[in-house]
Number of protein chains: 2
Amino acid sequence: MLSRTSQYALRSVLFIAENSHARRKVGVGEVAKALEIPKYYLAKILRRLAVGKLIRSSKGPGGGYYLNSEDFDHPLIAIIESVDGPDSLKKCALGLNTCSSEHPCPIHFYIGPFRDSLLQSLSEITVGDALEQLKQEHVFIDNLLTGDEKKKSNSDPDERN
Amino acid sequence: MLSRTSQYALRSVLFIAENSHARRKVGVGEVAKALEIPKYYLAKILRRLAVGKLIRSSKGPGGGYYLNSEDFDHPLIAIIESVDGPDSLKKCALGLNTCSSEHPCPIHFYIGPFRDSLLQSLSEITVGDALEQLKQEHVFIDNLLTGDEKKKSNSDPDERN
DNA sequence: CAAAAAAAAGACTTCTCAGTCCTTTAATAA
DNA sequence: TTATTAAAGGACTGAGAAGTCTTTTTTTTG
Ligand code: FES
Ligand code: FES
């Protein structure tokens, strides 16, 4: 549905939003371990997000990634497009050159409404909204893992990630 | 949205349905040229569909691919799952291990309803239904191409595809 | 200023999907 | 029964996504 890269991006932004502010930044290692994302790969994604001004970063001791207040207003679609390129969700599901109701493919009218409302949702929902919803459900983003099984928070210091 | 392989598969099945029956079979080269799909790659996809009993094939002179009457009753989702593996559309959009309302990811409730109805559509609509709809729109499946521009049906015999 | 800490940058590897080509098998028809 | 025809099967290549590692730059702080 979404590329793995944009999955990583979305979860990371939410995690950073949850766990940082301008005076308490989080490092790539921290995010990578909490979300079980390959550290060096994540670093590239975060850089793209930073270039796109969706998150902030600062170097040096005490540095890391964080969100400032405007960043909470970005819609989720902006994160996806920032890492996957624009219109990655707007293409014809059968790969035709144009997707339109004038030149519909056999499944256009089945898929169209679904995709349109998905796109609409992702354009409306901001980072802040998604965070708010997680809060209401009493869920933390790092409790939602992709691995086979949620590991209990053991404290063996496997720094290598 | 859908993998290129399942895009090829769906269009091919519809084309074969449109252009064949037990006494008039179509060859892989014919399908490949009409739909502008790489011939040898298509051959593999058609074999997978044939193994999955979604289309029929026969070797030798006059052989090729065709659909028998039962094959028109297969839902479109069966074609997708046959080439992309089962549940390829049911996974969490953020890549979590389980997708459920009990363990929802931040966008589960935005995506869920739409995906469910898409899945429902693809499970209900049969090959015959889709064909019927194309007929009502006076559209032939090989008029829907993926290339840059629809070429006028020139007759230069470039057999090599 | 010097040392340390962290992101930025870039080279490199690995894996999967898509695409190509060649050989073998099965069916038909002469 | 032999030649021909078409799918089946399998080996190989290429491109792009994902993942890894090392070096460089920037910032802080002692
Ligand atoms: S034309 Fe295929 S999804 Fe719109
Ligand atoms: S849990 Fe992510 S889409 Fe259902």
Side-chain angles (χ1 to χ4, degrees), chain A residues 1-9 11-12 16 20 22-33 35-67 80 82-85 88 94-95 146-147 159-161, chain B residues 1-9 11-12 16 20 22-33 35-67 80 83-85 88 95 146-147 159-161:
Chain A
M1 186 74 76
L2 295 177
S3 75
R4 188 174 304 195
T5 301
S6 55
Q7 298 174 3
Y8 288 166
R11 295 201 291 135
S12 296
I16 294 170
S20 80
R23 311 214 161 269
R24 159 61 177 120
K25 298 156 191 168
V26 296
V28 56
E30 214 174 325
V31 181
K33 189 191 282 188
L35 303 183
E36 295 182 353
I37 299 173
K39 176 174 172 178
Y40 297 106
Y41 189 61
L42 178 58
K44 297 184 159 183
I45 298 172
L46 295 184
R47 181 160 24 97
R48 276 194 264 170
L49 291 170
V51 167
K53 308 270 190 199
L54 294 167
I55 64 176
R56 313 289 146 173
S57 75
S58 74
K59 289 182 174 184
Y65 300 94
Y66 63 102
L67 267 62
I80 296 170
S82 168
V83 297
D84 271 357
S88 56
L94 286 192
T146 59
E159 194 57 280
R160 325 270 159 259
N161 199 2
Chain B
M1 186 74 74
L2 296 177
S3 75
R4 187 174 304 197
T5 301
S6 56
Q7 298 173 5
Y8 289 165
R11 295 202 292 134
S12 297
I16 294 170
S20 80
R23 312 213 160 266
R24 161 54 180 126
K25 297 157 191 168
V26 295
V28 57
E30 216 175 323
V31 181
K33 188 190 282 186
L35 303 184
E36 293 182 354
I37 298 172
K39 177 173 170 177
Y40 297 105
Y41 189 61
L42 178 59
K44 295 185 161 185
I45 298 172
L46 294 183
R47 183 161 21 99
R48 275 195 266 171
L49 291 171
V51 168
K53 307 273 190 194
L54 295 167
I55 64 177
R56 311 292 146 171
S57 74
S58 74
K59 288 182 175 183
Y65 299 95
Y66 63 102
L67 267 63
I80 296 170
V83 297
D84 272 355
S88 54
T146 58
E159 191 61 278
R160 324 269 159 261
N161 198 3

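In what follows, chains carry the letters A, B, and so on, assigned in the order in which the sequence lines appear, proteins first and then strands, with residues in each chain numbered from 1. For clarity, every value in this text was computed on a predicted model and none was experimentally measured.
Taking CD of E30(B) as the start and CD1 of I16(B) as the end, the distance is 9.5 Å to the nearest 0.5 Å. Interatomic distance, L42(B) CG to L49(B) CG, rounded to the nearest 0.5 Å: 9.0 Å. Rounding to the nearest 0.5 angstrom, the gap separating the CD1 atom in I55(B) from the OH atom in Y66(B) is 10.5 Å.
With hydrogens and angles ignored, no donor-acceptor pair closer than 3.5 Å exists between the side chain of K39(A) and the base of dG19(D).
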Filtered N/O pairs between nucleotides 4-8 of chain C and protein, under 3.5 Å:
{"from": "dA6(C)", "atom 1": "O4'", "to": "G60(A)", "atom 2": "O", "distance (Å)": "3.4"}
{"from": "dA7(C)", "atom 1": "OP1", "to": "V28(A)", "atom 2": "N", "distance (Å)": "3.0"}
{"from": "dA8(C)", "atom 1": "OP1", "to": "S57(A)", "atom 2": "OG", "distance (Å)": "2.7"}
{"from": "dA8(C)", "atom 1": "OP2", "to": "Y65(A)", "atom 2": "OH", "distance (Å)": "2.8"}

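Remark: P of dA27(C) and CZ of R23(B) are 17 Å apart, rounded to the nearest angstrom. Here the P atom of nucleotide dT20(C) and the CG atom of L42(B) are 12 Å apart, to the nearest Å. Residue Y41(A) contributes atom OH, which lies 13 Å from atom C1' of dT16(C) at whole-angstrom precision. For I45(A) and dA17(D), the CD1 to P distance is 13 Å, given to the nearest whole Å. A straight line from CG of L49(B) to P of dG9(D) spans 14 Å, rounded to a whole angstrom. In this structure, R48(B) atom CZ and dA18(C) atom C1' are separated by 10 Å, rounded to whole Å. For the pair R4(B) CZ and dG16(D) P, the computed distance is 10 Å after rounding to whole Å. The distance from atom CG of L35(A) to atom P of dG19(D) is 14 Å, rounded to the nearest whole Å.
In this structure, K25(A) reaches neither bases nor backbone, as no heavy-atom distance under 4.0 Å exists between it and the strands shown.
Of all heavy-atom pairs spanning R48(B) and T5(B), the tightest one is NH2-CG2, 3.7 Å.
Proximity of I45(A) to S12(A): side-chain heavy atoms (C-beta onward) are nowhere separated by under 4.5 Å. Y8(B) places none of its side-chain heavy atoms less than 4.5 Å from the side chain of L35(B). Residues S57(B) and L46(B) fail the side-chain proximity criterion, which asks for heavy atoms closer than 4.5 Å.
OP1 or OP2 of dG19(C) sits under 4.0 Å from a side-chain N or O of Y8(B). Between dC12(D) and Y40(B), no contact under 4.0 Å exists linking OP1 or OP2 to a side-chain N or O.
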